[in-house]
S.K.: 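Quick one: the structure is below, and I'll ask about it shortly.
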Amino acid sequence: MCLCCYGGCFFLIRRWGLPNGRLTPDPSPKGEGSQPTSNFSFKSKQIARAAVAPPLPWERGPGGEANARTPMTAHTYAYRDPILTLNNVSITLNNEQILRDINAQVLDVTRPNMQQGQVVGFYGRSGIGKSVLCRIMAGLIAPGTGTVEVGLAQQPVTPGMVGFVQQRYPLFDHRTLHDNLLVAAQRKHAPADARQHVDAYLERFGLAPHRRKYPALLSGGQRQRAAIAQQLLCSDHLILLDEPFSGLDVAMIDEVKRIIVEVTTMDELNTVIIVSHDIVTTTALADRLWLLGYEHDAAGALVPGATISPQHQYNLAEMGLAWHENVEAEPEFAQFVEHIKNEIRGS
Amino acid sequence: MTFWFFSTENMKSLFAPNAQPRRLVFTTMVVAQVALLLLLWLFYPMQLFPSLGEVVRSLGDLITTQGLIQELWASMSTALQALAVATVLALLISYLTALPFFRPIAYAASKMRYLTLTGLTFFMALMVSSGHQVKLSVLIFGATVYLVTGMTSVILTTTQEEMDHARTLGMSEWRSFYEVVVLGKLDEMLEVVRQNFAIIWTMITLVETLYQSEGGIGLLLYKQNRYLHLDGVLAIQLVILATGALQDYVFVLLRRVFFPYSALGVA
């Protein structure tokens with residue numbers, strides 16, 4: 001560890017490296033619930049670099065092991081209980097293997113003196129099976145093999161346990177905005193409580209002036225906020241966004257990002273799962289990432305079914321790329337995005 | 001006023017594709033078209049076609065001496081009864097398509113619109129007692145099969161996204177169906193009813209000629225046609241046309257009142 005002085009404060013930078021120069025790999029899906037990490041707040045761009053450029057943190061060995069490299073602007077955080085676990089999920093549709101042996105686990109991340117929910121991302125090229133994965137995680141279709149478990153009790157997922165905001169932000173067109181939220185809130189709360197919750201969400205999401213409007217009269221941004229609020233009102237902390245940035249302009253993307261940050265700071269357990277092919281925006285928000293891709297067999301032939309290889313699991317918190325206000329401006333972020341792009345091109 | 005209407009801007013808005021002329025311009029255009037049609041009818045009568053004056057005179061005669069209004073009311077009340085029963089039946093059959101067991105029934109009901117009414121009335125006459133019942137049951141049957149066709153096609157427009165949306169809110173399959181298909185598409189069902197109401201008017205004239213005991217505007221039309229009173233035929237046809245237009249307007253009004261979201265977002 002080294003101690004630095006920056007901006008009048010002391011920051012502790014903890015080297016990732018183990019004594020032999022190897023690093024702890026990206027936490028495995030199981031058994032990291034109590035794994036603490038102790039990187040201290042470090043807002044500097046002056047990141048310690050080795051004299052001879054070593055491999056970057058996201059560059060891994062063939063077995064998926066991480067490489068030695070000083071983490072970038074890392075915040076103090078720790079992992080607790082699992083919130084979502086995908087265990088060997090595979091599915092075949094119309095005799096075509098779509099997904100194969102998907103393993104991933106979302107853990108409750110905690111940061112001192114603040115409510116910090118989770119933002120995790122699943123990347124993948126168009127048509128790779130991201131929407132199918134979304135529907136599996138939302139409990140809308142059962143995987144051919146494997147399980148999806150959600151919540152602190154790690155129960156098998158059923159529809160309604162995970163909020164799922166689909167690409168086009170569907171709402172009930174025959175109900176006003178208030179009634180759309182109310183019908184969702186009544187799934188979980190008594191009528192009087194439900195009304196109070198709806199009023200609170202309308203205020204929190206800046207939708208109160210539009211409460212009597214039908215969805216057809218809402219703008220794109222208002223519709224997005226409404227759809228997210230509706231799902232939050234009846235889901236158990238988990239919310240899944242399928243391509244939330246698709247077809248949006250810069251201002252709208254900023255708006256969605258603001259909403260996501262808002263959601264994750266509302267409750268410690270709130271978890272936003274972004275399934276997207278928008279690498280930059282998703283990376284800027286996420287603290288964990290998984291890259292869906294295809295693998296090749298020993299003969300070099302493509303193995304059917306998209307999967308998540310060990311080297312395609314990224315812990316952005318550990319890399320020091322999580323929870324930065326303007327992370328896109330950081331050179332390490334750009335390098336990481338380039339790395340992801342290359343991985344996608346090669347998959 | 002006339003010159004204002006013929007301005008380049010207004011003309012462009014009337015003849016450009018997908019243009020949206022101002023309300024006043026559009027109304028003026030409709031009034032002008034109707035006036036032109038009436039003027040043509042008034043001043044250039046065709047040999048076989050009764051003149052406007054003859055039709056108006058005939059209409060007056062039909063109202064005062066042959067009880068056109070009463071006959072129209074009789075037909076209208078029968079049509080409304082048939083429509084109400086047919087709508088309930090068709091909705092029931094269509095909604096039951098959610099259950100695979102009932103899908104063949106909806107399919108068969110939809111295909112029965114190809115049956116001719118003439119043979120059907122015979123079977124209806126065997127099954128029910130009075131002429132009114134026969135008329136009503138034939139109309140109900142005829143309207144139901146058309147309504148089922150329209151309603152099932154509305155139900156088939158339900159997307160997986162819509163159903164998934166309801167399911168992700170924790171709704172059961174029945175509750176999702178009720179929210180998305182029953183409540184969500186009620187306005188479209190009303191539109192199907194509006195469109196198919198015309199079928200009843202087409203059938204009612206035929207049915208009333210087969211069962212003449214209760215009269216009705218269909219029977220009146222039949223009699224005028226039989227004695228080659230073309231002015232009377234035309235007068236009755238115009239009355240039916242006006243009634244239909246009024247009905248359409250009432251349905252549009254009902255849709256606006258009960259389903260205000262329906263017209264939103266329509267191009």
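Given the structure is predicted, the values throughout are model-derived calculations rather than measurements. Chain letters run A, B, ... following the sequence lines, proteins first and then strands; every chain starts at 1.
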S.K.: Can B:Gln20 and B:Ser13 be counted as having a side-chain donor-acceptor contact under 3.5 angstrom?
M.R.: no
S.K.: Most heavy-atom pairs under 4.5 angstrom with chain B, which of A:Thr176, A:Thr158, A:Leu217?
M.R.: A:Leu217
S.K.: Is it the case that more than 12 heavy atoms not belonging to A:Phe245 sit under 6.0 Å from its CZ atom?
M.R.: yes
S.K.: With only heavy atoms counted, which part of A:Arg168 is less than 4.5 Å from chain B, the side chain, the backbone, both or neither?
M.R.: both
S.K.: Do the side chains of B:Glu9 and B:Lys12 get close enough for a salt bridge, i.e. N-O under 4.0 angstrom?
M.R.: no
S.K.: With chain A as the partner chain, list the residues of residues 244-259 of chain B whose heavy atoms fall under 4.5 Å from it, by residue number, and write 'none' if nothing qualifies.
M.R.: none
S.K.: Give a yes or no on whether the backbone of B:Ala106 and the side-chain of B:Ser110 come within a donor-acceptor separation of less than 3.5 Å.
M.R.: no
S.K.: For the side chain of A:Asp278 and the backbone of A:Thr281, is there at least one donor-acceptor N/O pair under 3.5 Å apart?
M.R.: yes
S.K.: Are the side chain of A:Asp287 and the backbone of A:Val119 linked by a donor-acceptor contact shorter than 3.5 Å?
M.R.: yes
S.K.: Please state whether the side chain, the backbone, both or neither of A:Val162 comes within less than 4.5 Å of a heavy atom of chain B.
M.R.: backbone
S.K.: Does either side chain, that of B:Glu173 or that of B:Ser176, offer a donor lying less than 3.5 Å from an acceptor on the other one?
M.R.: no
S.K.: Between B:Glu179 and B:Arg167, is there a side-chain N and carboxylate O pair less than 4.0 Å apart?
M.R.: no
S.K.: Going by the ring-ring contact (aromatic ring centres under 6.0 Å, His included) test, which pairs reach into residues 141-182 of chain A, not counting sequence neighbours?
M.R.: A:Phe172-A:His174, A:Phe172-B:His165
S.K.: Return each pair, listed once, that meets salt bridge (charged side-chain N to carboxylate O under 4.0 Å, His left out) where at least one residue sits in residues 21-31 of chain B; pairs must be two or more places apart or across chains.
M.R.: none
S.K.: Go through A:Lys213, A:Arg175, A:Met161 and name the one with the most non-hydrogen pairs under 4.5 angstrom from chain B.
M.R.: A:Arg175
S.K.: With a strict 4.5 Å heavy-atom criterion, list every residue of residues 187-209 of chain A that contacts chain B, or say none.
M.R.: A:Arg187
S.K.: Can a donor-acceptor pair be found, under 3.5 Å and without considering hydrogens, that links the side chain of A:Ser246 to the backbone of A:Glu243?
M.R.: no
S.K.: Measure B:Met171 against the heavy atoms of chain A and call it side chain, backbone, both or neither at under 4.5 Å.
M.R.: both
S.K.: Using modelled atom types and a 3.5 Å cut-off, is there a donor and acceptor pairing between side-chain atoms of A:Thr271 and backbone atoms of A:Leu269?
M.R.: yes
